Peer 1: 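Before we start, here is the structure in question, set down as structure tokens.
For ligands, and for the atoms within them, numbers begin at 1 and follow the listed sequence. Just so we're clear, the structure is a prediction, and the values are computed from it rather than from any experiment. Only heavy atoms go into these numbers, but all of them, side chains included; no hydrogens, no water, no symmetry mates.
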Amino acid sequence: MSNDPLKLTGNGLEVDLPVMEGSVGPKVIDIRKLYAQTNMFTFDPGFTSTGSCESKITYIDGEKGELQYRGYPIEQLAKQSDYMEVCYLLLFGELPTKAERDKFVWDITHHTMVHEQLHRFFSGFRRDAHPMAIMVGVVGALAAFYHDSTEINDPHQRMVASYRMIAKIPTIAAMAYKYSVGQPFVYPSNDLSYAGNFLKMMFSVPAEEYVVNPVLEKAMDLIFILHADHEQNASTSTVRLAGSSGANPFACIAAGIACLWGPAHGGANEACLNMLSEIGTVDRIPEFVARAKDKNDSFRLMGFGHRVYKNFDPRATVMRETAHQVLTELGVDDPLFDVAMALEKIALEDEYFVAKKLYPNVDFYSGIILKAMGFPTEMFTVLFALARTSGWIAQWNEMIEDPTQKIGRPRQLFTGTPKRDYKPLDDR
Ligand code: SDX
């Protein structure tokens with residue numbers, strides 16, 4: 001669908017820019033011919049007003065606080081679906097029939113083991129290495145084991161690589177944790193659900209029987225659903241940019257993991273829990289809120305604010321309910337949860353946060369749930385990367401299959417020193 005062109009005049013120029021309209025959301029101005037017509041670039045550091053691609057996977061309405069995977073509202077998927085079904089939906093665009101779902105789950109389940117030699121990778125890391133450092137290294141190295149599924153122009157091999165990535169990421173994540181605590185790696189169990197298998201690989205030990213707690217299994221699956229995809233966020237854009245050069249899918253996912261690690265992005269859940277611990281008690285909240293508002297203080301309230309959401313992050317709302325359920329199920333009376341609830345209330349009534357439309361985001365409550373479930377803080381972003389792998393791989397496939405896609409290569413506004421002649425050392 002298209003609309004009347006936008007007339008751009010000025011600087012002695014007058015150009016008509018085509019306007020494109022999607023199925024929902026803001027229209028876009030097609031500037032693909034702008035440089036040829038005007039000898040000028042657009043300028044948008046951080047891409048706050050730039051659409052990088054056409055996509056059919058995830059839609060966010062930041063003003064309304066809405067998130068949909070392939071058109072299905074996240075609240076409905078959270079209540080009625082499960083992560084395996086969401087992976088299928090993100091990859092193939094439709095909810096699976098029972099037969100399709102059963103085959104997908106069987107295929108994923110039977111690809112959860114990693115090459116035995118991959119175990120040796122871990123011994124090269126220090127035991128206290130951050131698990132995200134291990135994830136970047138080990139996921140990137142998968143390309144060394146699966147040469148067949150690096151043939152990105154073969155649709156079958158792309159799907160094999162996609163299944164392998166979704167299937168093996170929990171195994172690698174659990175191995176990163178086990179290595180850090182000096183416990184033996186736990187092999188996958190094909191009789192468990194995706195979330196249940198992950199919990200067992202994380203928390204079981206050879207010395208005793210491990211029984212998956214169904215409440216925690218459901219909470220884990222829900223956390224995976226909520227983190228699965230989120231349109232063109234920083235790490236997804238990283239995966240797409242890496243993939244645009246023809247890099248293999250394992251390298252692209254490793255690049256996405258590296259980007260997600262940052263505290264402004266996926267690292268915020270770890271940073272948020274550390275912040276709540278630093279605040280410690282409800283009476284210290286005003287001190288931190290004042291720091292967050294102080295222009296001369298780089299401190300920010302981690303877990304608040306979002307580039308797109310200028311309303312509640314719908315994932316945070318679901319996560320908040322889950323936090324109550326998990327803490328109740330485990331009989332955990334975590335003072336950090338009280339601090340989080342009080343901080344949320346204070347921040348939402350503070351004119352600074354109201355004016356800047358800073359609401360709790362997906363990272364605000366996730367850390368409290370994960371801590372209660374027994375995950376160390378350093379594992380929080382690993383869990384985010386585990387879940388986001390399905391979204392990354394779906395977006396990567398969409399990019400590769402897009403006939404208009406080409407290597408991503410932004411331009412710049414150069415403000416450095418114009419051309420000058422070399423000055424020999426004796427003349428300087
Ligand atoms: C994720 O993009 C995605 O979809 C990401 C994600 C996903 O699923 O992939 O949703 C996951 O990354 C969630 C966000 C997690 N990050 C945090 O919680 C870190 C804290 N939040 C901020 O760093 C910030 O809000 C960002 C990075 C999330 C968004 O930053 P923007 O869009 O670049 O906004 P900005 O930094 O320009 O802030 C706008 C204003 C600024 O004040 P002014 O310069 O206008 O005076 O709001 C202020 C900021 O100083 N501000 C905050 C704040 N966040 C923004 N002030 C205090 N505390 C905060 N958390």
Peer 1: One thing to verify: whether K200 and E217 come together as a salt bridge, which I'm taking to mean a side-chain N less than 4.0 angstrom from a carboxylate O.
Peer 2: no
Peer 1: Apply ring pair (Phe, Tyr, Trp, His ring centres under 6.0 Å) to Y365 and list each qualifying residue two or more places apart in sequence or on a separate chain.
Peer 2: none
Peer 1: Any heavy-atom pair between the side chains of Y359 and F364 that's under 4.5 Å?
Peer 2: no
Peer 1: Considering the options R240, K56, R158, which one meets the salt bridge (Lys or Arg N to Asp or Glu O under 4.0 Å) requirement together with E398?
Peer 2: R240
Peer 1: Considering residues at least two apart in sequence or located in another chain, which fulfil the ring pair (Phe, Tyr, Trp, His ring centres under 6.0 Å) criterion with Y59?
Peer 2: none
Peer 1: What pairs meet the side-chain hydrogen bond (donor to acceptor under 3.5 Å, both in side chains) rule with one or both residues in residues 247-265, with sequence neighbours excluded?
Peer 2: N233-H265, S235-H265
Peer 1: Can you list every protein residue that has a heavy atom under 4.0 Å from any atom of ligand 1, sorted by chain and residue number?
Peer 2: H230, N233, P263, A264, H265, A268, A292, K295, R300, L301, M302, G303, F304, G305, H306, R307, R315, Y352, K356, L358, N361, D363, F384, R388
